[in-house]
Structure formats: structure tokens, C-alpha cells
Amino acid sequence: MRVSRLYAPTLRETPAEAEIPSHQLMLRAGMIRKAAGGIYSYLPLALRILKKIEAIVREEMNEIDAQELLMPIIQPAEIWQETGRWDVYGDEMFRLCDRHKRNFCLGPTHEEMITTLVRGDVRSYRQLPLTLYQIQNKYRDEIRPRFGLMRGREFIMKDAYSFDRDEAGLTANYNKMYTAYTNVFTRCGLNFRPVEADSGAIGGSGSHEFMVIAESGEASIVYCPACDYGANVEKAELHTIVPQQEEMLPLDIIDTPKMKTIEAISAYLNIAPQKTIKAMAYQNENGLVIALVRGDHEVNEIKLINALGCIDLTLANEEAIAEAMQSAAGFIGPIGLQEVMIVADSTVMEMYNAVCGANLPDKHYIHVNPSRDFKPNKVIDIRLIQENDPCPHCGHPVKMARGIEVGQVFKLHTKYSQALQATYLDEKGKETPMVMGCYGIGVSRTMAAAIEQHNDEHGIIWPVPIAPYHTVIIPINSKDEAQMQLAETVCKALNQENVEAILDDRNERAGVKFKDADLIGYPLKIVIGPKTLQEQVFEVKVRRTGEVIFLSLENYVSEIQNLLKSL
RNA sequence: CGGGGCGUGGCUCAGCUUGGUAGAGCACCUGGCUUGGGACCAGGGGGUCGCAGGUUCAAAUCCUGCCGCUCCGACCA
């Protein structure tokens with residue numbers, strides 16, 4: 001390939017819309033262009049990268065006996081109505097209508113599709129286990145598409161689905177996938193960490209997310225430096241904190257004018273925030289809910305949703321609070337509340353002589369002893385983990401990091417097979433629902449995540465296995481025939497030995513070619529200039545380190561192959 | 001959906017307050033010169049100033065509505 005013919009329009013300046021490195025650099029390197037919010041064209045360089053990632057994914061999937069298939073993007077409403085997700089998915093689903101007014105959607109995921117496919121053709125335990133996967137576009141009408149490929153409305157995903165006879169089979173398949181995912185992301189050159197995850201709207205239980213560690217990541221994770229524990233903060237469990245026992249003092253009520261925040265009240269009373277109880281008012285489809293956590297803790301809304309078994313949860317507005325409790329935000333408390341659901345974090349129930357809102361304007365209770373003074377409807381872990389909280393496995397203080405979710409594995413169990421009657425006959429002739437798992441990799445997101453981890457002020461630095469080309473060959477002066485001739489010879493020789501080389505034959509000054517090469521991020525640059533011809537040596541520059549290596553005109557092919565392997 | 005910001009040539013932006021013949025840099029085309037880290041000289045093409053209404057002798061500029069993009073929040077395999 002010749003750069004003069006390559007469709008990779010590079011930009012010297014950063015388009016204003018791009019916020020994070022991967023988005024900025026892919027636009028500047030001429031790899032993607034936006035068609036609409038969250039919808040992009042992949043230009044030739046980006047497509048080569050995607051194909052490399054896909055090839056790695058395919059190899060690892062095939063290795064564990066998953067079989068590739070391809071399912072439709074357009075899916076009929078009926079199968080989604082069967083599982084109830086036609087309504088649950090809401091505005092995030094792209095919906096469309098055909099000329100007969102039949103409803104369809106653009107597939108946001110394929111559980112319904114694969115399950116209805118398999119239920120039609122798998123009848124016997126002899127046909128199980130079965131794992132199928134595809135690499136296909138997905139469509140989600142995100143509330144807020146952003147960060148280029150990181151959160152698009154159209155994106156490429158590898159999705160795999162396993163069907164087993166029983167839980168033991170599912171666990172075996174899940175573990176194989178977990179290993180395969182570890183291999184995929186390792187081979188892509190990513191610094192990642194698998195973490196325990198909430199299984200979310202897709203349902204089921206037992207799930208890990210594969211997080212690429214990056215500042216621009218939208219997910220917060222915790223991990224333990226002492227053991228191998230890691231979790232999405234949404235999921236991270238916490239043990240109850242049991243403080244020293246104290247003598248319970250009599251409940252009292254005091255004036256606390258305008259003291260609406262934990263910070264204000266603890267300063268006013270000169271006590272630690274740990275001695276206060278924070279009451280948060282939420283609203284869900286069943287009404288008002290008061291969530292209680294210790295003053296220095298935060299509510300984990302995912303845990304709260306799971307504890308309540310509800311779908312929707314938002315902070316209650318002032319009117320709702322006033323109506324239900326004759327109180328205002330800042331002075332809410334659990335004592336004396338009637339007909340309002342109260343969920344207390346387990347740590348709250350262990351507190352002594354604490355402070356909480358009195359449900360009266362400008363009043364708080366002191367010497368509150370939860371076990372004595374009120375009775376929550378539910379006591380459960382609902383707090384958000386914080387840096388230095390004890391690891392739930394070993395107790396060592398945990399660390400926090402930002403992560404980009406590039407993959408997730410789920411145990412679905414029989415959620416979809418039951419809803420869609422995907423059953424098989426077991427050895428005894430008994431009809432049994434298949435036990436399912438599902439496993440996703442965001443392929444286009446992985447490309448972006450790789451850039452987030454591998455870039456510098458000059459541009460992208462591709463890991464060799466997913467680089468669009470292994471090396472660019474730069475003749476310093478394209479009008480010098482000797483240089484060009486040698487460059488072409490070298491280019492041909494390398495490509496013949498499976499070193500992907502591209503020749504920058506443009507009639508540009510050397511600086512322009514170097515800048516573009518650095519921006520696009522080829523792992524190596526081979527420079528052919530006057531020195532090369534005189535001294536019969538190549539100059540090879542390593543993109544990542546800036547290191548310059550001189551190779552002789554003899555056996556340079558194997559030298560470059562070795563160099564690429566070492567990167 | 002709530003709150004900010006922005007829409008002027010392919011890109012980055014100025015001009016708008018105070019209405020009066022649409023600008024710069026980069027990119028592009030032609031010629032020259034140049035070739036080891038985004039050169040230089042000369043010439044040239046390209047914009048109904050997001051759309052629709054309104055005010056005015058006159059609107060990129062003022063007013064109204066709509067659309068799009070973007071940031072923050074809520075949401076999210």
C-alpha cells in the first residue's frame with residue numbers, strides 16, 4: 001500500500017467536538033468520521049484495526065469451541081414482547097415499523113433472537129452444550145452518546161451465548177469464556193482487570209466485567225492490592241462496621257437552624273460525620289423510600305434498587321418530601337415515620353447516640369440509637385464503597401480506579417429459556433429449560449480503549465497485534481529515485497514475509513511524513529535517506545520509545561520480525 | 001428530560017456588544033523553489049453566516065420559533 005493512495009485524511013488541528021484522546025486522535029488520524037451523534041464511519045485504517053481485533057476474538061472463541069453465526073440486525077417485536085423487554089427497554093431501543101405497520105427494532109442485543117433460534121432446533125440433551133457467537137452491529141439510542149466510539153449509538157460487539165444442560169455446564173462454559181476474554185485483552189496489549197459486576201437489566205446473576213484501566217473510563221472500580229478482589233463500585237459488597245459499644249443516652253430533640261447538610265450539622269454540633277445518620281428520600285414506582293446510611297457514607301443506588309426489587313429510582317423532589325413527611329430535605333429522619341418505606345444500611349443499625357433529622361424544620365434528634373428508636377422495613381448493605389474501605393475478602397484497604405468496560409460475562413441461568421420456552425429433553429425424557437450464559441466484547445470500544453492506554457503528545461502508539469500496519473517506510477525525498485527504488489524493494493520484501501508495511505511515497509517534506517506516521521501510530525518507522533544509501537544501513541525508529549536502531553541491508557527482514565515480536 | 005455553551009468555506013476560529021458590500025490561519029488547486037520532524041514565494045477556487053419567520057431602507061449581527069452539535073447531571077449489555 002502507498003500512503004499517496006491511502007484514504008486517511010489527517011487533521012493538523014483537533015476538532016472541537018472531541019473530548020478524550022481516543023476520539024481526538026481517531027479523528028485527527030483520519031480513522032473515523034461522524035455521520036450523526038454516536039454514529040461513525042470507519043475509514044480504512046480503523047477497519048484494519050477492527051479486523052485485527054476481530055481476528056483475535058475469533059481465534060479465542062473458536063479455541064473454546066464457540067461457533068460463529070450471524071443474526072439479523074432487524075428483529076421482530078414479538079420475541080421482545082415474549083420476554084417483556086419490548087416495554088422494559090424503553091427509549092433506548094431504536095424502533096421501526098414496516099409497510100404493514102408491524103413493529104421491529106434494531107437489535108440492542110440478541111438474547112431473544114438466539115434463544116428463539118435455538119429453541120426451534122435443539123431438542124435433546126445430546127445437542128448440548130452449545131455455544132454460538134457473532135460479531136455484529138448493535139443499536140442503542142443512548143441518552144447521551146459521547147466520547148466518539150466509547151459510547152456510540154451504533155457499535156460493534158462480539159456477543160456469545162452458551163446453552164447447557166445444567167448449572168455445572170454453565171459454570172464450566174463461563175469459566176472458559178472468562179479465560180478466553182483474558183486471552184483476548186492480553187493479546188490486544190491492554191492493561192485490564194476483571195471485576196465483579198452487577199448483572200443489570202440483562203438479568204441473571206453472576207457476572208464479571210473486563211475493565212481497561214484508563215482515566216477517561218466511565219466506570220468506577222475498586223480493587224484490593226493485597227488479594228485478587230476487584231469489583232465495579234456498583235457491586236462491591238461491604239461488611240457491617242461494628243463500633244465500640246456505648247451507653248445509650250435518652251433521645252432528645254434540639255434546634256439546628258438551617259443545618260441542612262451532614263457537613264453543617266457535624267460542624268455545628270462539633271461531632272464527626274460518623275456520628276450522624278444521612279437520610280436520602282427516593283421515589284420509585286411504588287412510592288417514597290427513605291434510605292439511611294452513616295453520615296460519611298454514600299448510598300449505592302444500584303444496591304438500593306436490587307434491595308427494593310424495583311425498576312426505577314430517582315431522588316424525591318421537595319413536594320413529595322413535604323407531602324409524605326411534612327419535612328424538607330435536610331431534616332428528614334426515620335423516627336416516627338408512618339407508611340414510608342425505610343431501608344437502612346446495616347452499619348447504621350450498629351450506631352450509638354447518633355444525630356438524625358427530626359422531620360421538623362430546623363430540628364434534629366440527638367442520642368439516636370437505631371436499634372432502640374426506630375424500625376426499618378429492611379436492613380441491608382446499601383452503601384457505596386469508598387477508597388480505603390476494607391476489602392470484603394481480606395480486609396486490606398481497597399484502592400479505586402477508573403475503567404472502560406470492554407467486556408462482560410453473565411450467567412443468565414434460565415431467565416430467557418423459561419420466558420421463551422427454550423427447553424430440551426433430558427436423559428429421562430423430562431422437558432428442562434436450557435441453562436444459558438451470555439458474553440459480550442465491545443469490539444469498537446476496545447479499539448478506542450487501546451488508544452486511551454497507548455498514546456502520547458504525538459499521537460497513537462498501537463500495540464503490534466492490532467496495529468493497522470506494522471511499519472511505515474519513509475523515503476526522505478520521494479523525488480530521489482534511488483531512495484524510492486530502495487523503499488519499494490524493502491516494502492515488497494517485508495510484505496512477502498508477512499510484515500505489513502506501507503510506503504509513504506508522497507511528495508512531502510520529511511517532517512510531514514514523520515508527523516503523520518506518529519499520529520497514526522505505526523509501531524515502527526523505517527527511514528530511507530541519503531545516509532541509508534551511503535552507509536548501507538537502515539534507520540528504524542520505534543514509535544513507543546523513540547529508540548533508533550540501525551539495521552544492515554542484509555537480513556533486515558528477520559531483524560524487523562524479531563523487533564516486532566519484542567515490542 | 002433538566003441546566004450551561006455553541007452553530008460563519010473541509011478544519012480551528014475572528015467578526016455580532018454599537019445593523020451598512022463576509023475575514024484570518026490551516027487544508028485545497030496552479031506555477032516556482034525546497035526536501036532528516038507539520039517550509040517558502042506568487043497566483044487561484046470555495047461560504048444563501050444551521051433552518052424558518054419577524055423588525056428594518058438595510059440583518060452573520062436585533063427579536064421569536066425550530067433543528068443540530070457539545071459540556072454537566074439523571075440514565076446505561
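Just so you know, these numbers come straight off a predicted model, no measurement behind them. Side chains are part of it too, since the values below use all heavy atoms of this structure and drop only hydrogens, waters and symmetry mates. Here is how names work: the chains are called A, B, and so on, in the same order as the sequence lines, proteins then strands, and each is numbered from 1.
- B/A14 and B/C49: their C1' atoms are spaced 13 Å apart (whole Å).
- Across all strands, A/E301 comes closer than 4.0 Å only to sugar-phosphate atoms, never to a base (heavy-atom distances).
- Ion pairing of A/K138 with A/E154 is absent here, as no side-chain N (NZ or NE/NH1/NH2) approaches a carboxylate O to less than 4.0 Å.
- One finds no salt bridge joining A/E457 and A/K515 here, because no Lys/Arg side-chain nitrogen approaches an Asp/Glu carboxylate oxygen to under 4.0 Å.
- Whole-Å rounding puts the A/I404 CD1 to B/C76 P distance at 20 Å.
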Protein-nucleotides 68-70 of chain B N/O pairs closer than 3.5 Å?
from, atom 1, to, atom 2, distance (Å)
B/C69, OP1, A/G37, N, 3.4
B/C69, O3', A/K34, NZ, 3.0
B/U70, OP1, A/K34, NZ, 3.4

Using a cut-off of 4.0 Å between protein heavy atoms and nucleotide atoms, how would you tag nucleotides 32-44 of chain B 5' to 3' with B, S and -?
-> --BBBBBB-----
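- Summarising the base pairing, B/G2 is matched to B/C72 through a Watson-Crick or G-U wobble pair whose two defining distances lie under 3.5 Å.
- Rounded to an integer number of Å, the gap from CG of A/D141 to C1' of B/C75 is 12 Å.
- If you check B/G7 for Watson-Crick or wobble pairing at under 3.5 angstrom, you find it paired to B/C67.
- The CG atom of A/D198 sits 12 Å away from the C1' atom of B/C76 (whole-angstrom rounding).
- Contact check for A/V184 versus A/T446: no side-chain heavy atoms found under the 4.5 Å cut-off.
- Taking atom CZ of residue A/R151 and atom C1' of nucleotide B/C76, one finds them 5 Å apart after rounding to whole Å.
- Across the strands present, B/C62 finds its partner in B/G54; the criterion is a Watson-Crick or G-U wobble pair with both atom distances under 3.5 angstrom.
- Checked options A/V435, A/I114, A/T131; the residue passing with A/F163 is A/I114 (criterion: side-chain contact (heavy atoms from CB on, under 4.5 Å)).
- Among the atoms of the strands shown, base atoms are found under 4.0 Å from some heavy atom of A/F155.
- Straight-line distance from the CD1 atom of A/I143 to the P atom of B/G2: 13 Å, rounded to whole Å.
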A/E405/A/E218 under side chain to side chain contact (heavy atoms under 4.5 Å, CB included): CA gap, chis, key distance, verdict = CA-CA 8 Å; A/E405 182 196 339; A/E218 294 183 83; over 6 Å; no
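- Across the protein-nucleic acid pair, A/Q283 atom CD and B/A74 atom C1' stand 14 Å apart, rounded to whole Å.
- Using a 4.5 Å heavy-atom threshold, the side chains of A/I476 and A/F514 count as touching.
- Below 30°, between 30° and 60°, or above 60°: for A/H208 and A/Y174 the angle between ring planes is between 30° and 60°, a tilted geometry.
- Ion pairing between a basic and an acidic side chain is recognised when a charged N comes within 4.0 Å of a carboxylate O; A/K303 and A/E234 show no such pairing.
- Atom pair A/N300:CG and B/C75:C1' shows a separation of 15 Å (rounding to whole Å applied).
- The distance between atom CG of A/D91 and atom P of B/G2, rounded to the nearest whole Å, is 13 Å.
- Distance check on atom P: B/A59 versus B/U17 gives 14 Å, rounded to whole Å.
- A/E92 has no carboxylate O lying under 4.0 Å from a charged side-chain N of A/R153, or vice versa, which leaves the two without a salt bridge.
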